[in-house]
Amino acid sequence: MKYWLMKSEPDVYGIDQLKADGTTCWEGIRNYQARNFMRDDMAVGDRVLFYHSRSKPPGVAGIAEITRAAYPDHFALDPDHKYYDARSSEDNVRWVMVDLGWVETFDRLVSLAELKADDALDGMLVIKKGQRLSVQPVEDRHYARVLQMARSPRS
DNA sequence: GCCAACGTTGGC
DNA sequence: GCCAACGTTGGC
(Lines give C-alpha, C1' and ligand atoms only; values in the text may rest on other atoms or scores of the structure.)
Protein backbone atom coordinates (compact mmCIF):
# COMPACT_ATOMS: atom_id res chain seq x y z
CA MET A 1 0.00 0.00 0.00
CA LYS A 2 1.20 3.47 -0.87
CA TYR A 3 0.59 6.76 0.84
CA TRP A 4 -0.37 10.08 -0.67
CA LEU A 5 -1.29 13.62 0.15
CA MET A 6 -4.09 15.30 -1.76
CA LYS A 7 -5.02 18.95 -1.46
CA SER A 8 -8.42 20.52 -1.51
CA GLU A 9 -9.76 23.91 -0.58
CA PRO A 10 -12.27 23.28 2.19
CA ASP A 11 -14.48 26.06 0.83
CA VAL A 12 -14.77 24.03 -2.35
CA TYR A 13 -14.67 20.48 -1.03
CA GLY A 14 -13.56 19.76 2.51
CA ILE A 15 -13.28 16.60 4.55
CA ASP A 16 -16.71 17.20 6.11
CA GLN A 17 -18.19 17.02 2.64
CA LEU A 18 -16.27 13.83 1.92
CA LYS A 19 -17.56 12.32 5.14
CA ALA A 20 -21.11 13.29 4.21
CA ASP A 21 -20.72 11.87 0.72
CA GLY A 22 -18.87 8.72 1.78
CA THR A 23 -17.04 8.57 -1.53
CA THR A 24 -16.46 11.03 -4.34
CA CYS A 25 -14.75 11.17 -7.69
CA TRP A 26 -11.67 13.37 -7.70
CA GLU A 27 -12.13 15.21 -10.95
CA GLY A 28 -10.36 18.24 -12.31
CA ILE A 29 -6.69 17.35 -11.87
CA ARG A 30 -5.05 19.20 -14.76
CA ASN A 31 -1.38 18.81 -13.96
CA TYR A 32 0.66 16.13 -15.68
CA GLN A 33 2.76 15.15 -12.72
CA ALA A 34 -0.30 14.77 -10.52
CA ARG A 35 -2.09 12.86 -13.28
CA ASN A 36 0.82 10.49 -13.72
CA PHE A 37 0.85 9.67 -10.02
CA MET A 38 -2.85 8.89 -10.15
CA ARG A 39 -2.68 6.97 -13.40
CA ASP A 40 0.49 5.00 -12.83
CA ASP A 41 0.96 4.58 -9.11
CA MET A 42 -2.31 4.79 -7.21
CA ALA A 43 -4.12 1.60 -6.29
CA VAL A 44 -7.31 0.76 -4.46
CA GLY A 45 -6.63 0.77 -0.73
CA ASP A 46 -3.89 3.40 -0.80
CA ARG A 47 -4.21 5.87 2.04
CA VAL A 48 -4.40 9.61 1.56
CA LEU A 49 -3.63 12.52 3.87
CA PHE A 50 -6.50 14.87 3.13
CA TYR A 51 -5.02 18.35 3.14
CA HIS A 52 -6.92 21.60 3.39
CA SER A 53 -5.24 24.29 1.33
CA ARG A 54 -5.93 28.01 1.27
CA SER A 55 -7.55 27.77 4.67
CA LYS A 56 -6.74 29.28 8.03
CA PRO A 57 -4.64 27.51 8.85
CA PRO A 58 -3.82 25.08 6.07
CA GLY A 59 -3.08 21.53 7.18
CA VAL A 60 -3.96 17.85 7.20
CA ALA A 61 -7.60 17.39 8.19
CA GLY A 62 -7.96 13.63 8.04
CA ILE A 63 -7.56 10.46 6.03
CA ALA A 64 -9.12 9.15 2.87
CA GLU A 65 -8.53 6.04 0.82
CA ILE A 66 -8.51 5.23 -2.85
CA THR A 67 -11.66 3.29 -3.63
CA ARG A 68 -11.32 3.21 -7.41
CA ALA A 69 -8.16 3.34 -9.50
CA ALA A 70 -7.65 5.84 -12.31
CA TYR A 71 -10.27 6.14 -15.04
CA PRO A 72 -10.94 8.82 -17.64
CA ASP A 73 -12.04 12.22 -16.31
CA HIS A 74 -15.08 12.62 -18.54
CA PHE A 75 -15.58 16.19 -17.35
CA ALA A 76 -12.79 17.04 -19.78
CA LEU A 77 -15.21 16.25 -22.62
CA ASP A 78 -18.02 18.55 -21.53
CA PRO A 79 -17.69 21.97 -23.15
CA ASP A 80 -19.93 23.51 -20.52
CA HIS A 81 -17.93 22.20 -17.60
CA LYS A 82 -15.22 24.16 -15.84
CA TYR A 83 -12.81 21.26 -16.31
CA TYR A 84 -13.38 21.03 -20.05
CA ASP A 85 -10.22 20.36 -22.06
CA ALA A 86 -10.46 21.10 -25.77
CA ARG A 87 -7.54 18.81 -26.51
CA SER A 88 -9.24 15.75 -25.11
CA SER A 89 -11.52 13.52 -27.16
CA GLU A 90 -13.68 10.45 -26.57
CA ASP A 91 -10.95 8.05 -27.57
CA ASN A 92 -8.17 10.07 -26.01
CA VAL A 93 -9.06 11.71 -22.73
CA ARG A 94 -5.92 13.30 -21.43
CA TRP A 95 -6.95 13.37 -17.79
CA VAL A 96 -7.88 10.79 -15.21
CA MET A 97 -9.61 10.77 -11.88
CA VAL A 98 -9.80 8.35 -8.98
CA ASP A 99 -12.48 7.79 -6.39
CA LEU A 100 -11.81 8.73 -2.78
CA GLY A 101 -13.53 7.34 0.29
CA TRP A 102 -13.69 8.95 3.68
CA VAL A 103 -11.78 7.13 6.43
CA GLU A 104 -11.25 9.49 9.32
CA THR A 105 -11.53 13.13 10.30
CA PHE A 106 -8.81 14.05 12.77
CA ASP A 107 -9.89 15.40 16.15
CA ARG A 108 -7.64 18.32 15.37
CA LEU A 109 -6.11 19.71 12.21
CA VAL A 110 -2.37 19.14 11.93
CA SER A 111 -1.33 22.50 10.58
CA LEU A 112 1.28 23.22 7.97
CA ALA A 113 3.21 25.18 10.59
CA GLU A 114 3.36 22.06 12.77
CA LEU A 115 4.48 19.94 9.85
CA LYS A 116 7.25 22.39 9.09
CA ALA A 117 8.37 22.51 12.72
CA ASP A 118 8.63 18.73 13.13
CA ASP A 119 12.12 17.32 12.60
CA ALA A 120 10.76 13.87 11.74
CA LEU A 121 9.06 15.33 8.67
CA ASP A 122 12.20 16.79 7.10
CA GLY A 123 12.00 16.28 3.35
CA MET A 124 8.23 15.90 3.17
CA LEU A 125 7.10 17.46 -0.08
CA VAL A 126 4.19 19.50 1.24
CA ILE A 127 6.43 21.61 3.45
CA LYS A 128 8.75 22.59 0.62
CA LYS A 129 8.46 26.18 -0.48
CA GLY A 130 6.69 26.62 -3.78
CA GLN A 131 5.42 23.03 -3.83
CA ARG A 132 2.07 23.34 -5.59
CA LEU A 133 1.49 19.74 -6.60
CA SER A 134 -2.00 18.78 -5.48
CA VAL A 135 -1.30 15.03 -5.53
CA GLN A 136 1.94 13.97 -3.90
CA PRO A 137 3.49 10.73 -2.70
CA VAL A 138 4.16 10.50 1.04
CA GLU A 139 6.84 8.34 2.61
CA ASP A 140 5.61 5.64 5.00
CA ARG A 141 7.44 7.15 7.95
CA HIS A 142 6.06 10.61 7.23
CA TYR A 143 2.54 9.26 7.02
CA ALA A 144 2.94 7.45 10.32
CA ARG A 145 4.34 10.55 11.95
CA VAL A 146 1.45 12.76 10.83
CA LEU A 147 -1.02 10.25 12.27
CA GLN A 148 0.93 10.25 15.51
CA MET A 149 0.75 14.04 15.62
CA ALA A 150 -2.97 14.04 14.92
CA ARG A 151 -3.54 11.72 17.88
CA SER A 152 -1.51 13.60 20.41
CA PRO A 153 -2.13 17.06 21.84
CA ARG A 154 -0.56 20.01 20.13
CA SER A 155 2.82 20.49 21.78
C1' DG B 1 -6.25 40.30 -1.72
C1' DC B 2 -1.32 40.07 -2.77
C1' DC B 3 2.23 38.02 -5.02
C1' DA B 4 6.12 34.46 -5.38
C1' DA B 5 6.71 30.22 -7.36
C1' DC B 6 5.71 27.23 -10.70
C1' DG B 7 3.71 24.87 -14.99
C1' DT B 8 2.08 25.48 -19.62
C1' DT B 9 1.64 27.64 -24.02
C1' DG B 10 2.99 29.27 -28.30
C1' DG B 11 5.77 32.44 -31.30
C1' DC B 12 9.98 32.36 -33.28
C1' DG C 1 14.02 23.81 -28.59
C1' DC C 2 14.23 28.34 -26.33
C1' DC C 3 12.02 31.37 -23.46
C1' DA C 4 8.69 35.29 -22.65
C1' DA C 5 4.11 35.69 -21.53
C1' DC C 6 0.48 34.00 -19.25
C1' DG C 7 -2.48 31.44 -15.92
C1' DT C 8 -2.78 29.02 -11.58
C1' DT C 9 -1.66 27.64 -6.93
C1' DG C 10 -1.60 28.47 -2.30
C1' DG C 11 0.78 30.61 1.86
C1' DC C 12 0.59 34.69 4.04
Side-chain angles (χ1 to χ4, degrees), chain A residues 2-21 24-42 46-66 70-100 102-139 142-143 145-150 153-155:
Chain A
K2 296 195 192 70
Y3 299 103
W4 305 94
L5 180 145
M6 294 171 78
K7 299 177 183 173
S8 186
E9 298 182 33
D11 292 347
V12 179
Y13 196 94
I15 196 153
D16 291 343
Q17 188 67 48
L18 180 61
K19 183 178 183 179
D21 291 345
T24 193
C25 62
W26 208 249
E27 81 278 11
I29 299 296
R30 295 292 180 267
N31 170 284
Y32 290 109
Q33 207 178 345
R35 179 202 66 182
N36 293 347
F37 281 133
M38 292 199 300
R39 187 188 61 191
D40 303 334
D41 298 321
M42 271 187 183
D46 284 0
R47 292 288 165 127
V48 177
L49 297 175
F50 195 97
Y51 181 89
H52 283 174
S53 63
R54 290 191 66 112
S55 59
K56 296 178 185 174
V60 181
I63 301 170
E65 69 177 341
I66 306 300
Y71 59 104
D73 181 347
H74 57 80
F75 293 102
L77 300 175
D78 179 357
D80 296 326
H81 199 274
K82 64 181 283 199
Y83 292 130
Y84 177 63
D85 170 36
R87 298 188 185 194
S88 287
S89 59
E90 281 287 349
D91 48 0
N92 187 16
V93 180
R94 290 203 303 182
W95 307 107
V96 301
M97 53 188 175
V98 296
D99 285 357
L100 279 189
W102 178 84
V103 174
E104 176 183 339
T105 300
F106 291 157
D107 291 336
R108 66 180 196 86
L109 184 104
V110 181
S111 72
L112 177 61
E114 284 180 83
L115 300 178
K116 285 180 172 173
D118 195 276
D119 290 342
L121 297 178
D122 280 355
M124 193 178 181
L125 286 177
V126 73
I127 63 180
K128 284 179 66 177
K129 184 181 178 180
Q131 178 55 262
R132 304 186 313 173
L133 201 58
S134 62
V135 177
Q136 345 181 319
V138 172
E139 294 178 32
H142 289 163
Y143 180 88
R145 176 61 183 153
V146 172
L147 258 63
Q148 189 178 42
M149 292 166 78
R154 194 183 305 262
S155 53

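Convention: sequence-line order gives letters A, B, ...; per-chain numbering from 1.
A:Lys129 comes within 4.0 angstrom of the backbone, heavy atoms only, and of no base. In this structure, A:Lys116 reaches the sugar-phosphate backbone alone: every heavy-atom distance under 4.0 Å involves primed, P, OP1 or OP2 atoms, never a base.
Distance CD1 (A:Ile29) to P (B:dT8): 13 Å, rounded to an integer number of Å. Counting to the nearest Å, the P atom of B:dG1 and the CD atom of A:Glu9 are 14 Å from each other. At whole-Å resolution of the value, CG in A:Asn31 and P in B:dA5 are 19 Å apart. Rounded to whole Å, the distance from CG on A:Leu125 to P on C:dT9 is 18 Å. Protein atom CD of A:Gln33 is 13 Å distant from nucleotide atom C1' of B:dT8, rounded to whole Å. A:Ile127 places its CD1 atom 12 Å from the P atom of C:dC12, with the value rounded to the nearest Å. Atom CG of A:Asn36 is separated from atom P of B:dT8 by 10 Å (rounded to the nearest Å). Atom OH of A:Tyr32 and atom C1' of C:dT8 are 15 Å apart (whole Å).
For the ring pair (Phe, Tyr, Trp, His ring centres under 6.0 Å) criterion with A:Trp4, the lone passing option out of A:Phe37, A:Tyr51, A:Phe50 is A:Phe37.
When distances are taken from the side chain of A:Leu112 to each of B:dG7, B:dA4, C:dC12, the shortest belongs to C:dC12. Nearest nucleotide to the side chain of A:Arg87, out of B:dT9, C:dT8, C:dC12: B:dT9. Which of B:dT9, C:dG11, C:dG7 sits closest to the side chain of A:Arg132 comes down to C:dG7.
Ring to ring, A:Trp95 and A:Tyr71 are not that close: their centroids are 6.0 angstrom or more apart.
Side-chain atoms of A:Gln136 do not come within 3.5 Å of backbone N or O of A:Val138 as any donor-acceptor pair.
Remark: the A:Asp78 side chain and the A:Tyr83 side chain contain no N/O donor-acceptor pair separated by less than 3.5 Å.
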